[in-house]
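Notes for the one structure printed next.
Note that ligands are numbered from 1 as they come in the structure, with each ligand's atoms numbered from 1 the same way.
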Amino acid sequence: MHCKDQISHKDYQRTADWLLSQTQHRPKVAIICGSGLGMLADTLQCQDSFKYSDIPGFPQSTVQGHAGKLVFGELEGKICVCMQGRFHMYEGHSLCKVTFPVRVFKLLGVETLIVTNAAGAIAESYHCGDVMIIRDHINFPGLAGLNPLIGPNDDKFGPRFPPMSGVYDKDLQKLAFDICKSMGVSQFVQEGVYCMVGGPNFESVAEAKLLYKLGVDAVGMSTAPEVLVASHCGMRVFGLSLITNKVVKSYEGSEPTNHEDVLAVSKMRSEMLQKLISGIIIRMDINNNKA
Ligand SMILES: O=P(O)(O)O[C@@H]1C[C@H](O)[C@@H](CO)O1
């Protein structure tokens, strides 16, 4: 079920070739926008934008706060492609579909993947509106055998047994910290472990307590499969979680989490995230090519 629709190299190539025929942009950086964070794409200049429904082979977004558009453009001369809306396992997509765009990006020539997500705080010291630089992840569905790399390995993308230690690029983490310092927002910045759960329900109190004991700092319903597939095919990866809610860890008197609050907090911090990600891309070491 994780990869019920086995996708062949030709399928990824067909989508990549179509995109290359529709835009002059040749991105080196791809950004996947989390819930309510799609406005990051608005910072791109000279945009070419494609609805997912118009892109051959692309899955469709079904979640509120995920616009369903692929936007190509420039940031101070650096060429980027931005997913305004990602695909989640809980929408019913197989993990091959969830991660389909990442392999298409690889074939477009992308070398660095930036992932963002909305996540709930498990760590006691985190507050709503904090930004967590992802140091590592726990891929719960992956540990249980729901993994996009299950099935015949495509050696053209990467090895059968890819390592997952050190996947989140340390230099980019340091750069992000430095930029936060220069923006004067260090007080909102955390560094920690993201845990992917399957969703779509938010956690029970007992599950939240379990995640706390496991050393999870923030929990969400995405990101790990995309990071896995990007790392498998040799991309550099950087990830940010926007803390949109405190996960309920007590049976006494806490408000339950809801998606509307998640979107409201994303909106509140969108400008800061836009500036941070633009700053990273502008100062990152990348080469650009035009078609
Ligand atoms: O796409 P992300 O991981 O940002 O979305 C999170 C997880 C759920 O899709 C949704 C819950 O509000 O936000």
Side-chain angles (χ1 to χ4, degrees), residues 30-41 52 58-71 82-93 95 97-102 113-122 126 128-134 136-142 146 148 168 190 192-204 207-208 211 216-230 237-248 254-270 272-274 276-277:
I31 307 154
I32 303 182
C33 299
S35 283
L37 298 169
M39 64 291 283
L40 283 170
Y52 292 164
F58 236 65
Q60 306 306 312
S61 283
T62 66
V63 188
Q64 196 201 344
H66 291 260
K69 272 198 299 177
L70 194 60
V71 183
C82 191
M83 280 179 76
Q84 274 189 320
R86 64 148 53 85
F87 311 113
H88 304 86
M89 195 174 82
Y90 66 73
E91 292 173 80
H93 298 299
L95 287 171
K97 285 276 182 191
V98 166
T99 55
F100 181 84
V102 177
L113 180 71
I114 298 179
V115 282
T116 68
N117 58 58
I122 296 287
Y126 286 16
C128 277
D130 282 356
V131 171
M132 183 184 85
I133 296 172
I134 304 177
D136 199 355
H137 71 222
I138 295 175
N139 178 5
F140 249 119
L146 288 169
Y168 294 88
Q190 310 281 357
V193 174
Y194 174 86
C195 177
M196 179 195 178
V197 292
N201 59 284
F202 293 108
E203 293 64 44
S204 71
E207 286 164 349
L211 295 177
V216 170
D217 295 303
V219 58
M221 306 174 195
S222 68
T223 300
E226 297 149 353
V227 167
L228 193 57
V229 167
V237 174
F238 174 76
L240 287 177
S241 293
L242 175 62
I243 303 302
T244 51
N245 56 286
K246 298 271 282 183
V247 177
V248 180
S254 300
E255 281 295 309
T257 307
N258 67 72
H259 187 55
E260 286 64 39
D261 289 352
V262 167
L263 293 180
V265 177
S266 300
K267 205 168 161 197
M268 179 181 97
R269 275 284 185 264
S270 65
M272 174 190 156
L273 274 168
Q274 259 175 37
L276 172 57
I277 291 177

Residue and atom name of the nearest protein heavy atom (relative to [atom]), distance in Å to one decimal:
atom                    : result
atom 3 (O) of ligand 1  : S222 OG, 2.6 Å
atom 13 (O) of ligand 1 : S35 OG, 3.0 Å
atom 9 (O) of ligand 1  : Y90 OH, 2.5 Å

Practice problem: Please identify which atoms of ligand 1 are closer than 4.0 Å to at least one heavy atom of V262. | Solution: 12 (O)
Taking the side chain as C-beta and beyond, is there a heavy-atom pair between [X] and [Y] under 4.5 Å?
X    : Y    : value
I138 : V193 : yes
Q190 : S241 : no
T257 : N245 : yes
Y194 : S222 : yes
S35  : H259 : yes

Quiz item: Given H88, Q64, M89, E226, which has its nearest heavy atom closest to atom 1 (O) of ligand 1?
Solution: H88
Quiz item: Among E260, H259, E91, R86, which one has a heavy atom closest to atom 11 (C) of ligand 1?
Solution: H259
Practice problem: Would you check the N or O atoms of T116, main chain and side chain alike, for any that come under 3.5 Å of an N or O of ligand 1? | Solution: no
Practice problem: Using distance alone, decide if ligand 1 has a nitrogen or oxygen within less than 3.5 Å of any nitrogen or oxygen in A118. | Solution: yes
Exercise. Measure N117 to ligand 1 on non-hydrogen atoms and call it side chain, backbone, both or neither using the 4.0 Å cut-off.
Key: both
Exercise. Show your reasoning for whether side chain to side chain donor-acceptor pair (under 3.5 Å) applies to N117 and T223.
Key: CA-CA 7 Å; N117 58 58; T223 300; 2.8 Å; yes
Quiz prompt | Y52 ring center near F87 ring center (under 6.0 Å) | solution = yes
